[in-house]
Amino acid sequence: MDFIAELEWRGMIYEMIPEVKNYLSDPGAAAYVGIDPTADSLHIGHLVSIMLLRHFQRAGHKPILVLGGATGMIGDPSGKSEERNLLSEEIIRKNEEGIKKQVSRLLDFNDKQNGALLLNNYDWMKDYRFLDFIRNVGKHITVNYMMAKENVKRRISGEVGEGLSFAEFSYQLVQANDFLHLYKNFNCKLQMGGSDQWGNITTGIELIRRATGGEAYAITCPLITKADGTKFGKTEKGNVWLDPDKTSPYEFYQFWINTSDEDAERYIKIFTELDKPTIDELIIKHRTAPENRLLQKKLAEELTMMIHGSKALEIAKTTSEFLFGNGSIDLLKNLDLASILYIFAAIPQFKISHEIIAQGIGIIDLLTNNTNILASKSEARRMIANNGIYLNKQLVNDENLIINENFLIQNKFIVIQRGKKNYFLIIAE
RNA sequence: GGGGAGGUACCAGAGUGGUCAAAUGGGGCAGACUGUAAAUCUGUUGGCUAAGCCUUCGGAGGUUCGAAUCCUUCCCUCCCCA
């Protein structure tokens, strides 16, 4: 497999240094991607980097993931309009653990030839003394060169943001030093990243050239955008995480299902490893009948499978079919307990005492005090007035409705919908 | 060190003694239409025991019948000059 050709048809190359083709002509090359460990889980914004490394490994090369433990303590000024919060060492280590667990499933770390590596730049930066750093690294790069970088210029000119601290200004040097470190210790001559990283990567190349006379390369991929201009990877609830405790596999699956038609054609190439003929065929089919959302379904399946595995995918699909398909409430009445819990495994659940239901409870209280389905009683009233609450698939239009045992399915469950899409299961026990 | 501007709800941003739970826009939530899409349109967007009441305009005090608005003080941010 030709790595570059593969990325090209997938639309994953934004800019590259052409000579990189020679470097990759034989298997066994090494490349790295950097990720800031700002949380103890990756989110789907990191997925492009991971995919780059997966393709790289499939092409017979050695992928290296560098966690920016040190750089995360500084904050990359790229694309930021203001300085970010600095992370403590303790947090960075904790985040490293979480990320390590996730990545170990996505890259092959065991292959003798081209097994993946996970490194943390904190390890080679923590004891690097300031004087040594400015003598070894700082003397090779002029301030003029650093100031010419687009992201720095914008911040200094005051066009964007609030001025640039010295710490942030130094960021590109620290990242450049990472590249130098990998070049020297792992014979790694290629750095990949999002297009916003171009400036940082080329500083690294420059440093390698000046410090060692060696040659190194860069490939950047386009930043993932959405057709409607909003930020990719965010939902109302925030980031879409890879950690199933932060974003359930069902929510994860739903995120991809809800991809727009335009975006789906790009995403399927970037986020799945389906081959070109398969994808071309899917796209043609999808264009003739977009309402079937073939692309979205395939996208969601492939990704949920890759991140969460077959069991979680099955639950996500079953749940989706029930909730958005023709799943009538009668279905629940005939299912056994285990099956119901299975379908609703991915749905927020609230337990309340059977006694409370037996005594009868107002719908408003049920939604707010006894569960956290809605934040306040005002909101509950508002939502009911707006026809936004369904109880067992029945529209609730009386805010004084009293819930009692008659509403329980199998004398145990109540299904609440907030809007058409948000389901909650109340379990009386 | 000197000078200036400013901190208002999720964000941006009006409001400069009562008619202010606070304009407007964005965002969010919901409804209609749909394909669980996009676009569009509509409603809503501090809380509560709800025609009423309570807590909000950086913090703390004060003036006043009455304060987001005036005074004192503290904290914070930005800009210009050195």
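Since the model is a prediction, treat every value here as computed from it, not as a measurement. So you know, we letter chains A, B, ... as the sequences are listed, proteins then strands, and number each from 1.
- Partner assigned to B:rG35 is none, using Watson-Crick or G-U wobble distances below 3.5 angstrom.
- Between B:rA32 and B:rA67, the distance separating the two C1' atoms is 44 Å to the nearest Å.
- On a pure distance criterion of 3.5 Å, no polar donor-acceptor pair joins the side chain of A:Asn292 and the base of B:rG35.
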Using nucleotides 55-57 of chain B, report all nitrogen or oxygen pairs with the protein that are shorter than 3.5 Å.
none

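- In this structure, A:Trp198 has its ring center at least 6.0 angstrom away from the ring center of A:Tyr14.
- If you check B:rU36, B:rG31, B:rC29 against the side chain of A:Met383, the one that comes closest is B:rC29.
- Of the C1' atoms belonging to B:rU8 and B:rG59, the separation is 15 Å, rounded to the nearest Å.
- Ring geometry, A:His308 versus A:Phe252: the interplanar angle exceeds 60°, so the pair is classed perpendicular (tilted spans 30 to 60°).
- Spacing of P atoms, B:rA39 relative to B:rU45, comes out at 24 Å, to the nearest Å.
- The P atoms of B:rC29 and B:rA37 are separated by 13 Å, rounded to the nearest whole Å.
- Rounded to whole Å, the distance from CG on A:Leu299 to P on B:rA37 is 16 Å.
- Separation of the P atoms belonging to B:rU44 and B:rG25 is 13 Å when rounded to the nearest angstrom.
- A straight line from NE2 of A:His286 to P of B:rG35 spans 13 Å, rounded to a whole angstrom.
- Considering all non-hydrogen atoms of both residues, A:Gly138 and A:Leu173 come closest at CA-CD1, 4.2 Å.
- Atom-to-atom, CG of A:Asn422 to C1' of B:rG28 comes out at 12 Å; the value is rounded to the nearest Å.
- Of the two residues near RNA chain B, A:Tyr253 and A:Gly419, the one whose nearest nucleotide lies more 5' is A:Gly419.
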Practice task
Walk me through it: do A:Val415 and A:Leu425 pass the test side-chain contact (heavy atoms from CB on, under 4.5 Å)?
Solution key: CA-CA 5 Å; A:Val415 177; A:Leu425 183 67; 4.0 Å; yes
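- The separation between A:Leu295 atom CG and B:rA38 atom P is 16 Å, rounded to whole Å.
- Figure legend. B:rA30 is base-paired to B:rU42; pairs are counted as Watson-Crick or G-U wobble with both atom distances under 3.5 Å.
- Across every strand in view, B:rG1 sits in a pair with B:rC81 that passes the Watson-Crick or G-U test at under 3.5 angstrom.
- The same atom, C1', is picked in B:rC10 and in B:rC33; the two are 28 Å apart, to the nearest Å.
- Here the side chain of A:Asn120 pairs a donor or acceptor atom with the backbone of A:Gly69 at under 3.5 angstrom.
- Base pairing analysis places B:rC53 opposite B:rG47; the two distances defining the Watson-Crick or G-U wobble pair are each below 3.5 Å.
- Pair assignment for B:rA60 gives B:rU72, based on Watson-Crick or G-U wobble hydrogen-bonding distances that are each under 3.5 Å.
- Distance CD (A:Gln296) to P (B:rA37): 10 Å, rounded to an integer number of Å.
- Taking for each of A:Arg418 and A:Thr259 the nucleotide of RNA chain B with the nearest heavy atom, the 5'-most of the two is the partner of A:Arg418.
- Between the CH2 atom of A:Trp256 and the C1' atom of B:rU36 there is a distance of 17 Å, given to the nearest Å.
- Classified by interplanar angle (parallel below 30°, tilted 30° to 60°, perpendicular above 60°), the ring pair A:His43/A:His46 is tilted.
- The gap from the C1' atom of B:rG47 to that of B:rU55 amounts to 8 Å, rounded to the nearest Å.
- Residue contacts for A:Gln254: at a heavy-atom cut-off of 4.0 Å it reaches a base atom on one of the strands shown.
- When the P atom of B:rC29 is taken as reference, atom CD1 of A:Ile373 falls 17 Å away, rounded to whole Å.
- With A:Thr202 as the fixed residue, the side chain to side chain donor-acceptor pair (under 3.5 Å) test singles out one of A:Gln197, A:Gln172, A:Lys149, A:Gln191: A:Lys149.
- Ion pairing between a basic and an acidic side chain is recognised when a charged N comes within 4.0 Å of a carboxylate O; A:Glu281 and A:Lys285 show such pairing.
- For A:Thr203 and A:Gln175, the side-chain atoms include no donor-acceptor pair closer than 3.5 Å.
- Using a 4.5 Å cut-off on side-chain heavy atoms (C-beta onward), A:Asp178 and A:Leu119 make no contact.
- Taking atom C1' on both B:rA12 and B:rG27, the two are 10 Å apart, rounded to the nearest angstrom.
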Fill in the blank from the handout: Given protein heavy atoms under 4.0 Å, the one-letter contact record of nucleotides 41-51 of chain B, with B base, S sugar-phosphate only and - none, is simply --BSS-SSSB-
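- Dashed line: the shortest gap from a side-chain N or O of A:Lys420 to OP1 or OP2 of B:rU34 is not under 4.0 Å.
- As rounded to whole Å, 9 Å separates atom P of B:rC29 from atom NZ of A:Lys421.
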When the side chains of residues 355-367 of chain A are checked against the rest of the protein, which donor-acceptor pairs come out under 3.5 Å, sequence neighbours left out?
from     : atom 1 : to       : atom 2 : distance (Å)
A:Asp365 : OD1    : A:Asn369 : ND2    : 3.2
A:Asp365 : OD1    : A:Lys377 : NZ     : 3.0

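- A:Asn258 comes within 4.0 angstrom of a base, heavy atoms only.
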Practice task
Output, in order, the C-alpha distance, side-chain angles, deciding distance and verdict of side-chain contact (heavy atoms from CB on, under 4.5 Å) for A:Phe424 and A:Thr371.
Solution key: CA-CA 10 Å; A:Phe424 303 88; A:Thr371 63; over 6 Å; no
